[in-house]
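Structure record follows, encoded as structure tokens.
One-based numbering, in listed order, for ligands and for the atoms of each. Sequence positions, counted from 1, serve as the residue numbers for this chain.
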Amino acid sequence: MKHLLGIDELSKDDIEHYLDRAAYYHRALMEGKWDHGKLGAKLIMHLFFEHSTRTLTSFEIAAKRLGADVVNWNPESSSLAKGENFTDTIDTLSSMKPDAIVLRHADYGAPKFVAARSGCSVINGGDSWREHPTQALLDALTMKQHFGKLEGLNVTIVGDIAHSRVASSNMQLLHKVGAKVRVVAPKVLMPESLPFKEIEAFEDLAEGINGADVVMTLRLQKERMDTALISTDAEYFNRYGLTLNMLNHHAPNAVVMDPGPLVRGVQMEDALTEDPERSLIHKQVANGIPTRMAVLDMLVGD
Ligand code: CP
């Protein structure tokens, strides 16, 4: 049984295989030529215990583009409300014999738990602050399309590094493919340790983005903070909000990325979000579809 639980489990070769297949599906979608029946008769269940716009929707589109049947299970209208527990819910849904489960859950390691008992492929659609592997793959596809390579790229990730599964998966992936990674955050949003000694940490935004090729911003993950670590969004924006002026000064050739959801007035100024030359945000969203087609094909396809 093949799963995608985290980038931490993948080798550089595995990552490159996923990215090559995602690039293939990107081209195929542009040309309108792909095997629409690739996943015919396969059943994909989406179990999203946390809210999502991009991940859930693009997984559904990806599965449908490949001919799979899709069930979007909704926790709010499920028998969880009648007292059924998580394990029994997973066992119940697994009895219906899906070929794959895409799971988003607030608990660290929930996808691993489901993989061990569901009897089908499990794809992690984001668990706690641990991993969001398909987001890191689509981010890497977007960078590779823009720069033609990943190795040697200078990528700075700015924001709530401590609570972000996107930061975690991106640090894993970018380091494995040979990019140079820096992270920028106030002390309260920086983890106690980083996964690789080569990743440099900065508290000062200007220093951290200096000479970057890519600056990726992250939202404040308030739902994963036990207490309010930042007093106001405005205070955060004053120190860490990215502006066109700052980028022109310190990283004049950099593009900006953000996995979303983008909270206006917090991560970056609107002029940058909307700048078609500097912002790859809409390309990231669009790349969710070929990337997730690649993942479904490689894990569930015959
Ligand atoms: N980037 C991301 O995971 O967005 P959603 O929460 O909208 O899926």
Q.
Apply side-chain hydrogen bond (donor to acceptor under 3.5 Å, both in side chains) to residues Asn124 and Glu131 and explain how you reach the verdict.
A. CA-CA 8 Å; Asn124 183 1; Glu131 281 255 19; 5.9 Å; no

The closest protein heavy-atom partner of atom 2 (C) of ligand 1 is Thr55 OG1, 3.6 Å

Notebook entry, point to check: Does the N or O separation between Pro259 and ligand 1 drop below 3.5 Å for any pair?
Noted result: yes

- Parallel under 30°, tilted from 30 to 60°, perpendicular over 60°: which one fits the rings of His46 and Phe59? tilted

Gln135 heavy atoms within 4.0 Å reach ligand 1 at atoms 1 (N), 2 (C)

- Centre of Phe48's six-membered ring, under 6.0 Å away, within 45 degrees of the axis: is that where NZ or CZ of Arg104 sits? no

Quick look: Arg104 vs ligand 1, heavy-atom contacts under 4.0 Å, and the answer is side chain

Margin query: Are there over 12 heavy-atom neighbours, none belonging to His17, within less than 6.0 Å of that residue's NE2?
Written below: no

Between Val295 and the options Leu138, Val102, Thr134, the side-chain contact (heavy atoms from CB on, under 4.5 Å) test singles out Thr134

| query | Would you say Gly260 and ligand 1 have an N/O pair spaced under 3.5 Å apart? | reply | yes

> Should the heavy atoms of other residues, nucleotides or ligands under 6.0 Å from CZ of Arg65 be counted, would the total exceed 12?
Replying inline: no

Atom 4 (O) of ligand 1 sits nearest the protein heavy atom Arg54 NE, 3.0 Å

For Thr53, the atoms of ligand 1 under 4.0 Å from one of its heavy atoms are 5 (P), 7 (O), 8 (O)

